[in-house]
Structures are given as C-alpha cells and as structure tokens.
Amino acid sequence: MKFQKRGRTAILLSGRGSNFKAIYKKSIKDRSWFDIVLVISNRKNAGGLQLARRYGIKSVFISPRDFKNSDEYEKSMISLLNEERVDLVCLAGFMKILSPLFINEFKNRIMNIHPSLLPAFPGLNAQKQALEYGVKVSGCTVHFVDTGIDSGPVILQKAVLTDKNDDEESLSEKILKYEHEIYPEAVSLWFEGRLKISGRKVIISK
Ligand code: GAR
C-alpha cells in the first residue's frame, strides 16, 4: 500500500537521540514521504527532547512514575499517538519494554533499531555482549516490533567488523554510523509502501 498522503511518524526515545536526528534529516529531504510529528521520552533530560524542540517538533516527556501502572502509562502514550494520527512509531533508543497492549495497538507499525545483528545479542548492552562473546562481526538491525524482546521480523541489517582493540565505546561508535544509515532508510521504505511482512520475513519491493 502506498501512502496517498504525507506519512506521520513518532519517535520514542530515552537518550541523546542521534537516530532520531538521522531520521529527521531524511524526513526534511526533497521528495521525502514522511514527517516526524511527535517525540515522546520517558526521561526528562533526554537529549532527544532538546533536539526536537530545536527542530520545532512537538515533544513530550511522559514519566512512567506519574501513572499507577504500566498499562495506564502506555494508554497515555497511545492516546497521544492517536491524537497526532501517527502512522508509524519508531523506537530510537527507547529503553523501556512495551507490553502487548501497546504493541497490538500499532500492530506491524512499530520499528526498532538494535545495535547487534539480531537474533544475536538481544536486550541491553548488545555491543558489550558481542565483545565478551568474541564475535568478529557485529552490526545493527532495524526490525518490526513484536511482543518478544528484539524478536520481530528483520527489515535491514548492516555488518561491522570488530577489531581486537575494540572496546564497548569504539564498537558502539562504529555501529552507530550504520544505524544512522539503515534506520532512516527503513522508515522511508515503509512510507513508500515497499515493505511487506510475510511470516518472519520482510520482503522489500523495488
Ligand atoms: C542506539 O545505539 C540504539 O541502537 C540503542 O540505543 C542507542 C540509542 O542512541 N538501542 C538499544 O540498545 C535498544 N535495545 P541514540 O539515542 O543516539 O539514537
């Protein structure tokens, strides 16, 4: 399905927001298919919120602590996202696990970026896990979000060679450079109507 109108995406983040920035840059390019209409953070001091303000994008800090449970917290995000008529939700360093309540509301309309070649090293500190395991190749993955941890269908991946001198910081930096390439690309492909999920596979059409 191709979008007849300009696509509307939202970013959920917890930190500095460099992936958000990369997606934003793509969104303001000529002939882009989408706009970022909303940024939500679960952390008040997230650098990504400041960036959003600088770009003039609606940005909201929603503290999980202000709600009696995580369902109520997620419901407040869902209403905001629906109010803004968001088509696609992009998790970009959002360090909070979302429950099936949220995921089913936006079924097949949530993407995530993860700093490893999934299914290797899901969860936290993926770069550290990769180094400790001793892999020679790592990388990053953009995937659709399902109800598991980093387990949804893979959209794009990019491999990065590890070096014997790599530490967590240097490997993260190498991987991040590719995250900034594949995440905006995946978002764009989605809004161009070129991604089709077939079981575990994502088929990308020309
Ligand atoms: C990125 O490296 C992203 O892959 C990772 O958090 C970082 C966010 O950076 N996400 C995860 O580890 C999710 N499990 P950013 O705020 O600069 O985009």
Side-chain angles (χ1 to χ4, degrees), residues 9-28 34 36 38-55 57 59-62 64 70 74 77 88-100 102-103 106 110-133 135 137-162 166-188 190:
T9 189
I11 309 278
L12 269 54
L13 52 76
S14 306
R16 72 193 149 181
S18 72
N19 277 288
F20 155 46
K21 184 176 179 180
I23 297 168
Y24 171 74
K25 290 237 163 104
K26 181 95 176 177
S27 77
I28 58 170
F34 65 96
I36 299 175
L38 177 66
V39 172
I40 300 178
S41 172
N42 63 326
R43 297 217 182 114
K44 193 174 182 184
N45 298 322
L49 281 178
Q50 285 170 30
L51 268 182
R53 275 179 226 121
R54 204 195 305 155
Y55 298 151
I57 297 170
S59 59
V60 187
F61 159 58
I62 306 182
S70 66
E74 289 186 359
M77 289 203 289
L88 178 73
V89 177
C90 295
L91 310 183
F94 185 66
M95 295 311 198
K96 201 159 174 21
I97 291 166
L98 293 162
S99 82
F102 187 95
I103 289 157
F106 300 101
I110 310 174
M111 282 185 192
N112 182 41
I113 180 96
H114 185 75
S116 74
L117 291 177
L118 291 170
F121 314 123
L124 290 176
N125 308 316
Q127 303 94 330
K128 185 161 177 265
Q129 292 185 56
L131 287 173
E132 284 175 359
Y133 198 89
V135 294
V137 180
S138 192
C140 47
T141 305
V142 183
H143 63 96
F144 284 109
V145 173
D146 65 10
T147 52
I149 305 281
D150 299 323
S151 60
V154 169
I155 305 167
L156 293 174
Q157 290 185 305
K158 207 75 188 220
V160 168
L161 294 181
T162 61
D166 267 330
D167 58 15
E168 199 181 340
E169 196 186 327
S170 66
L171 180 60
S172 302
E173 205 176 300
K174 282 198 266 186
I175 293 174
L176 195 63
K177 186 166 154 260
Y178 291 109
E179 294 184 31
H180 296 164
E181 287 180 16
I182 64 172
Y183 209 175
E185 177 64 18
V187 173
S188 195
W190 193 84

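Remember, it's 1-based here, ligands and their atoms both numbered in the order they're listed. Everything numeric here is computed off the predicted structure, so don't read it as measured data. When a residue number appears, it is its place in the shown sequence, counting from 1. All heavy atoms count here, side chains included; hydrogens, waters and symmetry mates do not.
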Fill in the blank from the handout: The closest protein heavy-atom partner of atom 5 (C) of ligand 1 is P115 CD, 3.9 Å
Practice task
For E173, look at atom CD and say whether over 12 heavy atoms of other residues, nucleotides or ligands are found less than 6.0 Å away.
Solution key: no
Fill in the blank from the handout: Residue, atom and distance of the protein heavy atom nearest atom 10 (N) of ligand 1 read I113 O, 3.7 Å
Handout entry: atom 9 (O) of ligand 1: the protein heavy-atom neighbour that sits closest, reported with distance to 0.1 Å
Key = R16 NH2, 3.3 Å
Exercise for the section: Give the C-alpha distance, both sets of side-chain angles, the deciding distance and a yes or no for salt bridge (Lys or Arg N to Asp or Glu O under 4.0 Å) between K128 and E132. Expected result: CA-CA 6 Å; K128 185 161 177 265; E132 284 175 359; 3.6 Å; yes
Fill in the blank from the handout: Taking only non-hydrogen atoms of M95 and a 4.0 Å limit, the atoms of ligand 1 in range are 6 (O), 10 (N), 11 (C), 12 (O)
Practice task
Among all protein heavy atoms, pick the one closest to atom 2 (O) of ligand 1 and tell me residue, atom and distance.
Solution key: E179 OE2, 3.0 Å
Practice task
Indicate, with yes or no, if the rings of F106 and F144 have centres closer together than 6.0 Å.
Solution key: no
Problem - side chain to side chain donor-acceptor pair (under 3.5 Å) between Q129 and S116, worked out - result: CA-CA 9 Å; Q129 292 185 56; S116 74; over 6 Å; no
Exercise for the section: Measure from atom 16 (O) of ligand 1 to every heavy atom in G17, S116, G93 and give the option owning the shortest one. Expected result: G17
Problem - atom 15 (P) of ligand 1 - nearest protein heavy atom and its distance - result: S18 N, 3.4 Å
Practice task
Looking only at distances, please establish whether an N/O atom of ligand 1 is found under 3.5 Å from an N/O atom of D150.
Solution key: no
Exercise for the section: Could you tell me whether some N/O pair between H114 and ligand 1 is separated by less than 3.5 angstrom? Expected result: yes
Exercise for the section: Take K158 and E179 through the test salt bridge (Lys or Arg N to Asp or Glu O under 4.0 Å) and record every step on the way to the result. Expected result: CA-CA 8 Å; K158 207 75 188 220; E179 294 184 31; over 6 Å; no
Problem - K21 near ligand 1 by a heavy-atom separation under 4.0 Å - result: no
Problem - Set of residues satisfying side-chain hydrogen bond (donor to acceptor under 3.5 Å, both in side chains) with respect to T141, sequence neighbours excluded - result: Q157
Problem - Heavy-atom neighbours of K174 NZ exceed 12 at 6.0 Å - result: yes
